[in-house]
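Data first, discussion second: the structure below is written as structure tokens.
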Amino acid sequence: MTILTILEVPDPGLRAVAKPVAAVDSDIRATLADMLETMYDARGIGLAATQVGIEQRLVVIDLQEPEEEGGDPVRRPVTFINPELLSVSDETSKYNEGCLSIPEQYAEVERPARCRVQWLDGDGVRHEEEMDGLMATCIQHEIDHLNGVLFTDHISKLKRDILMKKLAKLRKAG
Ligand code: ZN
């Protein structure tokens with residue numbers, strides 16, 4: 001497995017719209033394995049192929065939540081091929097989002113609280129599930145990436161400018 005390079009803003013590659021995967025094969029499975037490895041290495045909970053410069057509709061998520069409150073995080077990776085939002089709730093929720101492509105910057109983003117998602121797994125089997133909580137936020141954030149959209153596109157220009165200034169400062173400090 002390979003740790004891939006994660007693109008960071010303002011890399012234009014992050015604005016690419018990824019293409020649907022035509023066939024689930026060993027190449028796709030290898031890419032998903034590399035993406036998971038890259039995500040764990042970067043201590044993230046989600047990664048879209050767009051973030052590693054691969055223009056295919058692939059997402060990996062692992063919320064790494066503990067089995068019980070206060071316990072050790074448990075790895076439960078989920079790989080999504082061609083994930084699609086079938087429907088979203090009118091009810092919204094706010095979550096303080098971050099992104100591996102916008103290092104160490106966070107902002108409260110309002111999104112639908114629940115969503116119904118369909119996708120293919122690594123064996124090409126179709127899944128459909130109603131998601132809520134952090135999982136709903138995360139899959140919407142990752143599907144946004146596949147469409148060239150960043151979480152900072154969902155906040156005000158003022159907040160975005162502040163966030164990008166903080167990022168520039170952080171980079172200067174090395
Ligand atoms: Zn992200």
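In listed order, ligands and their atoms are each counted from 1.
Counting only protein N, O or S atoms closer than 2.8 Å to the Zn ion (ligand 1) gives 3.
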Per-pair distances, 0.1 Å, donor-acceptor, side chain in residues 31-40, under 3.5 Å, sequence neighbours excluded:
from  : atom 1 : to    : atom 2 : distance (Å)
Thr31 : OG1    : Asp27 : O      : 3.0
Asp34 : OD1    : Thr2  : N      : 2.9
Thr38 : OG1    : Leu4  : N      : 2.8
Thr38 : OG1    : Asp34 : O      : 2.7
Tyr40 : OH     : Asp62 : OD2    : 2.4

Could you give the side-chain donor-acceptor pairs of residues 165-174 under 3.5 Å, partners two or more places apart or in another chain?
from   : atom 1 : to   : atom 2 : distance (Å)
Arg171 : NH1    : Val9 : O      : 3.1
Arg171 : NH2    : Glu8 : OE1    : 3.2
Arg171 : NH2    : Val9 : O      : 2.7

Identify all side-chain donor-acceptor contacts of residues 71-88 below 3.5 Å with residues at least two apart in sequence or on another chain.
from  : atom 1 : to    : atom 2 : distance (Å)
Arg76 : NH2    : Glu67 : OE2    : 3.0
Asn82 : OD1    : Val21 : N      : 2.7
Asn82 : ND2    : Val21 : O      : 3.0

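Looking at every heavy atom in both residues, Leu7 comes nearest to Ser101 through O-OG, 2.8 Å. Closest heavy-atom contact between Arg15 and Gly148: NH1-O, 2.8 Å. For Ala113 against Ala136, the heavy-atom pair with the smallest separation is O-CB, 3.5 Å.
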